[in-house]
Amino acid sequence: MAVDLNILIGGEAGQGVQSIGLILSKVFTRGGYHVFTDQDYESRIRGGHSFCRVRIKDTQVQAISESVDLLVALNRESVDLHEKEVVSTGLIIAENDKYAGGDNKKIFVLPMSELAKNKAGNPLTANSVALGALMAITGYELELLQNVFKDHFKDNHVLQQNITAAVEGYTYTKNNVKSSFHHQVHAREDTHKIVMDGNEAVALGALAAGCKFVSAYPMTPSTPVIEYMASKENEMGLAVIQAEDEISAINMTIGAAFAGVRSMTATSGGGFCLMVEGFGLAGMTETPIVIAYGQRPGPAIGLPTRMEQGDLQFVLRASHGEFPRAVFAPGTIEEAFWLTVKAFNMAEKYQIPVVILYDHYLADSYNTVNRFDMTTVTIDRGLILGSDELNSIKDYKRHKITPNGVSPRAFPLAGEPLVVTDSDEHNEAGHMIEDAETRTLMMQKRMRKLFSLRQDIQPPKLYGPKNAGSTLIGWGSTFGPLKEAIDLLHHENISVNMVHYSEIWPFYKETMVDIMAHSQHTFTVENNFTGQFADLIAQETGNLVSGRIVKYDGRPFSPEYIVREFNKMGG
Amino acid sequence: MAVDLNILIGGEAGQGVQSIGLILSKVFTRGGYHVFTDQDYESRIRGGHSFCRVRIKDTQVQAISESVDLLVALNRESVDLHEKEVVSTGLIIAENDKYAGGDNKKIFVLPMSELAKNKAGNPLTANSVALGALMAITGYELELLQNVFKDHFKDNHVLQQNITAAVEGYTYTKNNVKSSFHHQVHAREDTHKIVMDGNEAVALGALAAGCKFVSAYPMTPSTPVIEYMASKENEMGLAVIQAEDEISAINMTIGAAFAGVRSMTATSGGGFCLMVEGFGLAGMTETPIVIAYGQRPGPAIGLPTRMEQGDLQFVLRASHGEFPRAVFAPGTIEEAFWLTVKAFNMAEKYQIPVVILYDHYLADSYNTVNRFDMTTVTIDRGLILGSDELNSIKDYKRHKITPNGVSPRAFPLAGEPLVVTDSDEHNEAGHMIEDAETRTLMMQKRMRKLFSLRQDIQPPKLYGPKNAGSTLIGWGSTFGPLKEAIDLLHHENISVNMVHYSEIWPFYKETMVDIMAHSQHTFTVENNFTGQFADLIAQETGNLVSGRIVKYDGRPFSPEYIVREFNKMGG
Amino acid sequence: MEDKSIYTGIQPAWCPGCGNFGILQAVQRAFAELKIKPSRVLMVSGIGQSGKLPHYLKANVFNELHGRPIPAAIGAKIANRELVVIAVSGDGDGYGEGGNHWIHAMRRNHDITYLVHNNQIYGLTKGQASPSSDLGFVTKTTPDGAPLPINPIAVAISCEASFVARSFAGDVDHLSAMIKLGISHKGFALIDILQPCVTFNHKNTYSWYRERVYKLEDGGQYNPDDKMAAFSKSQEWGDRIPIGVIYRKVRPVYEDLLPALKNGPLTRQKLDPLPVDRFLNEFA
Amino acid sequence: MEDKSIYTGIQPAWCPGCGNFGILQAVQRAFAELKIKPSRVLMVSGIGQSGKLPHYLKANVFNELHGRPIPAAIGAKIANRELVVIAVSGDGDGYGEGGNHWIHAMRRNHDITYLVHNNQIYGLTKGQASPSSDLGFVTKTTPDGAPLPINPIAVAISCEASFVARSFAGDVDHLSAMIKLGISHKGFALIDILQPCVTFNHKNTYSWYRERVYKLEDGGQYNPDDKMAAFSKSQEWGDRIPIGVIYRKVRPVYEDLLPALKNGPLTRQKLDPLPVDRFLNEFA
Ligand SMILES: Cc1ncc(C[n+]2csc(CCOP(=O)(O)OP(=O)(O)O)c2C)c(N)n1
Ligand SMILES: Cc1ncc(C[n+]2csc(CCOP(=O)(O)OP(=O)(O)O)c2C)c(N)n1
Ligand code: SF4
Ligand code: SF4
Ligand SMILES: [Mg+2]
Ligand SMILES: [Mg+2]
């Protein structure tokens, strides 16, 4: 039987919902399964309601499902709020059967606090009791949980307490659960896959790409990127500095890049607003920088811990004046890694700012992925003059006009020649100018880089039949839900395919023109209000999509939701 | 004979080129003519090269011309640089005939410095000598110059010196000029028109609209807006504060608007970059503010004292997340006044941020206009609860959800009820929320305001035949050159018309759809590289224009340039 | 006893035991004792745990962006001088992101009160170092230890803030007294509030502060009108931390500079285009 | 005599007589006397008349945005510690727009030299008040007179800048001496330079400054290591204006905190993805 098990863990902020999610993801990944786990939490540190959804499949999984098989309720509110999502054959694990009116047949009462306190000797191990119980209910191997615990709990005493707690939960459940749970899962061969979230993938991508300098100001959802990178300062020979504000962060990043290292910053919408002028400065001075931009719902502070894709058009047009940029929007955790590596390469090859535009959903969702093969990571720093070459040039010109617009780069002190650049319009030597001719040539030089950059852009991914009645179009983190929606629609025998963009700008137009010519109906699927990608398509191709499926409540799409909306639109 | 006289005055920064331009504009306006005068100067205070072009017509004029009838050269460089623009029957007024190789037949040698020093007793009156000479050459009434001097020079002694200088220049010229100048102009009846530049028009518009609070940080080209407004603090009961930076400026503006007054800020691209987060805050908190945004060439510092229309798409998409805004781009000095008034009305009626997107060219060009009739200025503050109404409400809700999305506004201390708002997503009462339902309703509420706002948007202006083979499409400050280009093309018997947008967002789509359906060829004409308005048309209508006439050298279009480009495109 | 119930707002979302509760109580008590009606108060806060404060009491509220409460407070005060305007920041919000507004608002001496919940950490974003984190403080973003912190008291004195005080969230009596003084002061009043963050700052705890703070009022010989003494006092941080009014100076407020404010609040001035007609003569 | 010709850049676009010419000379002399090759220097300037300085001499140049030279200078210094990094601002650029970077760079003690061309006016934008314009100074944007100015020396001391000096563009000898000390100092060195703007500031002219400035070195009893004395000195402004080194303190520089810099400049570290492979084990 195909495995598709959905576990929801709910509780207050501070109760450890997120670490249960992570531990479960690892436990099942080690047993050869694919896991996708998302996070839903409020902008507070204690109290309120948070939950995470762990989905376990025997094949690749990149989206959550709306129906829950097992609900682990760490408090009453979790039952109240999520009970209705539990399937008829599902189970609710809770401390108290008075929850939800007290007559809920699905509730399996697990005395988590009691077992934790009295048996494991530490009330803080209640979550491990629940984890043990989950192993028992699903019939999964307890050893794998204990295994993961060994990596998770650094302190041996605490580790032992948690192992005891898990065993207690396991045993208690084996002894007390009434009927066998509908969905039994047994460990398979360990395929040595790993589990990580989008932030970690971006951070690892940046480390692999040789990023040596990070300056940032904390902002949800991207703060963990810099926190992770900071933890590797020593091993990677990397400097991470928390700036006093985002303006400083981007300008430090630019200063470091100008001096000669790969450098980046990370932020979200509000922080990027403050970086916009610096973004243009990178464009004007042709300084390669990378910005990891984790979107969350706006405008302004919006919903700080939730997801949206509302900043696409802003990023495409950010800063006054015109200059080339690249915008990548990874669709999966794997892409988050590889596109971050590519971002650094494109930034240096074309001497432009590059944005990795992801969002809270991708940032904070765990997924089972293959280990990235570091031997296949390429580092292309573009045209950089070494000291010999440099010293052989009498007058080095930082902004030399060339056929493809890219000027050979040099760094201060790499040789004797001086490196000069200016935020004002400048001549080839980097000095401020006023005349119309130089201005025109310099605009052309910079914008010309877009032609070559275009050649380096990968086409969007197609999924489903080449020709279909309808096409669903997405970008960024909707990849997983969209792909699964296509599968669901195919089960309903609907002729539909999908196009997904993760390299957004420069826009790969050809595919879209082709699709618009062949599909009867085209629908964009986006987490925003206006349908910003649909606008982009119209702008670039002169074609309007048939419909825009949008969602702007701060929560991600489920495959089921997409299917319902598609059907409503008569797609 | 129709009057179309073009005078170019060139010199170093600090030599008073700009005031000659202003004085001439007034002199000819008082004599019943229409004048258009532009400015070209470098980003320095002394030295370098600057010039201004004064065009005098007996009918309305809103663009400069490429050919020069009279060149007043305050230094040698002005001859070198502008000689070739002078028509064959033209004249060059210069101190020294050695300029330009010394054998230039067009040069009329005027000993400006000598006459200023020896006859008028003040070397600083050399420019007035030149002005007197201009009166003599063109046959214009010297009294009108003396008249303008009386208003211009506050100090009586200085005034007398300048009057003497002008008379000396006049007499010397009458006595020494070889042949009669081809273009004689005589004063007509004074139509009591006035002369002003775009900055002044915006400032006056804001004052007329009842703006009570301005916070800004100086930035070319919009600094004169706040300087002018500051000069009226006393008379208008207005507070002008120079902030420490642009972030502070926009947030002060928002704070004042929230507290209950009409308020605005003024900036250019670099400053607006720093305001982008606050711009979104105004959107989120539904606080009405007006931003006077004078464009100059970017990216980054770019060309600080020059013109571009490169920021349109940036302004349309600025700030993360989505919220309604209005963007107006006046095409003429008159529109700069009236659209500023309208900006305040729309801002308050819909509780949104409104941008007046103009540019250095409009900001710094003088034009003859009718006196604005203040009795026709309407002030519409939208839905504001007075203290009685307010006190009769138990729980005032700042963000009440209403059919058209506009919530009745109230100000702190206007009554007992409290006014609460939040940069986080909030409920009707203004308190932070986390739930999907409220979020969705609030997004809809805010975005719904666009529907009514659309009704208040005026269609673009059409010029020329309703149906024509080709259509030239422009926006903002290109209005004048574009209109004259149409006239020139009509003289060549070309079937062409023009559409000009000055109320840009929300986009008035219908006209454009109609034009695209009727014209064989459509060409956008814009001062930027990529053709940003063409992108907007594609996005909104799904139609691509046939061609994009662009210019991005920091200098405005001339009518002749547009005609040449149009012809090249085979339009 | 004062009745604080009229100042009760929505349910706080802070961690149990958070120092912010003490600040909330102190503000409510100050309002009650000064008998200020909620409708006369405008609280402008930034983003952070501190930024939530205004929602938890009753007042007009503008919850600003991160780092920006001061400018909006200034704008509102100039628009309507009859409002009691209080800006609220955290140490990150006020001394980090908003540092530029802070130093310039002090020198210009706007007539607002500024409460800074100084927990020496970024609370809302889960425990990064703040500009006031102690030297060497280790967090995920400062694995090598935080650099020398900002000294808000010293900076305020050097910017001629006209009222500079420090207090402690664990001492509601003292804090509410300081807030009352700050509100009553005409000019910019900074109140730096030592605020334990029980979740992320395990160094500067209630007991850490309690062992160190002492009141300048006690002893009775400290003179906050003496700038040099104040600067010297501002250098004390470690075993002993002074709380109380550290510096005070009567000087003109910015709002008094503005001629337009002489005729009452701007919010009450008429909007009339007609006077503009005479300006047009300048352009003839 | 030192040979300054190797430090000559493009033709200055300043007004004749501008105080900036003195600064230009002083910087060139300092370089020459310290025998620093142009290629070792990186000058990062902001926007304003001051921002043009680096173009007029010979060095590596990054002409930044308005108000942002400090962050880029910091980034470059961390990337390559072998560079002599000098940030250049005007009073508007540095104390206004860039004020936040300034105060935090000082407390963190980055190893850069910071020259502020303080003409007490916005020169490039034609004469608006700056944050350091004298109290009551009337300009088009401050028709009612400027508010109390920032006191850069006092603020620097309160932020523990490790080297704080003031000099005068009209005294090239003194100024170049200060710049030499600043460059030689390990840590953040602020040099606030009184710079006459002959076009827009008709109050603080050459003679106005000349009548007032006196050298702290003269007299020989001023001790810049005494913080209280320094703060007291910072309060002098009016009839007498002290120039010279006002405050100095040896303390660790930020760059020393960073473990990655121990192995030489970051610019020389290898880019190698392979070590990342072992981090992947954390995710199993
Ligand atoms: C422009 C911007 N940058 C970053 C953030 C993220 N952010 C929210 S609160 C905060 C720091 C909070 O620290 P502090 O001001 O000390 O407040 P606390 O939570 O400690 O009370 C940060 C970095 C933001 N909301 N906006
Ligand atoms: C973000 C931004 N705001 C404003 C400006 C306009 N601007 C350029 S220079 C300047 C002020 C210059 O004053 P200062 O720093 O004192 O330099 P000075 O010209 O006096 O040397 C301003 C406001 C700008 N370029 N960028
Ligand atoms: S994280 Fe700290 S500051 Fe924030 S509510 Fe909890 S205890 Fe208070
Ligand atoms: S305006 Fe002032 S600061 Fe600028 S160059 Fe001229 S004299 Fe110097
Ligand atoms: Mg804090
Ligand atoms: Mg200055």
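- Under a cutoff of 6.0 Å and an axis angle of 45°, C:Lys77 and C:Tyr114 do not form a cation-pi pair.
- Cation-pi contact between C:Arg210 and C:Trp208: absent, since separation from the ring centre below 6.0 Å together with deviation from the ring axis within 45° is not met.
- Checked against A:Tyr293 for a side-chain hydrogen bond (donor to acceptor under 3.5 Å, both in side chains), the options A:Asp311, A:Thr267, A:Asp359 give a single hit: A:Asp311.
- In this structure, the portion of C:Ile47 lying under 4.5 Å from any heavy atom of chain A is its side chain and not its backbone.
- Here A:Glu227 is the residue among A:Glu246, A:Glu227, A:Glu233, A:Glu244 with the most heavy-atom pairs under 4.5 Å with chain C.
- With a 4.5 Å cut-off on non-hydrogen atoms, A:Tyr217 touches chain C through its side chain but not through its backbone.
- Of the listed residues (C:Ile150, C:Thr142, C:Leu124, C:Thr125), the one with the most heavy-atom contacts under 4.5 Å to chain A is C:Leu124.
- Contact annotation for A:Leu274: only side-chain heavy atoms (C-beta onward) come within less than 4.5 Å of a heavy atom of chain C.
- Atoms CD and CG, on A:Gln18 and A:Asp364 in that order, are 6.0 Å from each other to the nearest 0.5 Å.
- Ranked by heavy-atom pairs shorter than 4.5 Å toward chain C, the options A:Gly270, A:Gly271, A:Pro218, A:Ala230 are led by A:Pro218.
- In summary, A:Arg306 and A:Asp40 engage in a salt bridge, as defined by a charged side-chain N under 4.0 Å from a carboxylate O.
- The choice from A:Ser43, A:Gly14, A:Gly48, A:Ala13 that makes the most heavy-atom pairs within less than 4.5 Å of chain C is A:Ser43.
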Test C:Asn118 against C:Asp192 for side-chain hydrogen bond (donor to acceptor under 3.5 Å, both in side chains), laying out the working first.
CA-CA 6 Å; C:Asn118 187 350; C:Asp192 181 70; 3.1 Å; yes
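- For C:Pro131, no part lies near chain A; criterion is any non-hydrogen pair under 4.5 Å.
- Salt-bridge formation is detected for the pair C:Glu97/C:Arg68: a Lys NZ or Arg NE/NH1/NH2 atom is positioned less than 4.0 Å from an Asp or Glu carboxylate oxygen.
- If you measure heavy-atom distances from C:Phe200 to chain A, the contacts under 4.5 Å come from the side chain alone.
- In this structure, the portion of A:Thr223 lying under 4.5 Å from any heavy atom of chain C is its side chain and not its backbone.
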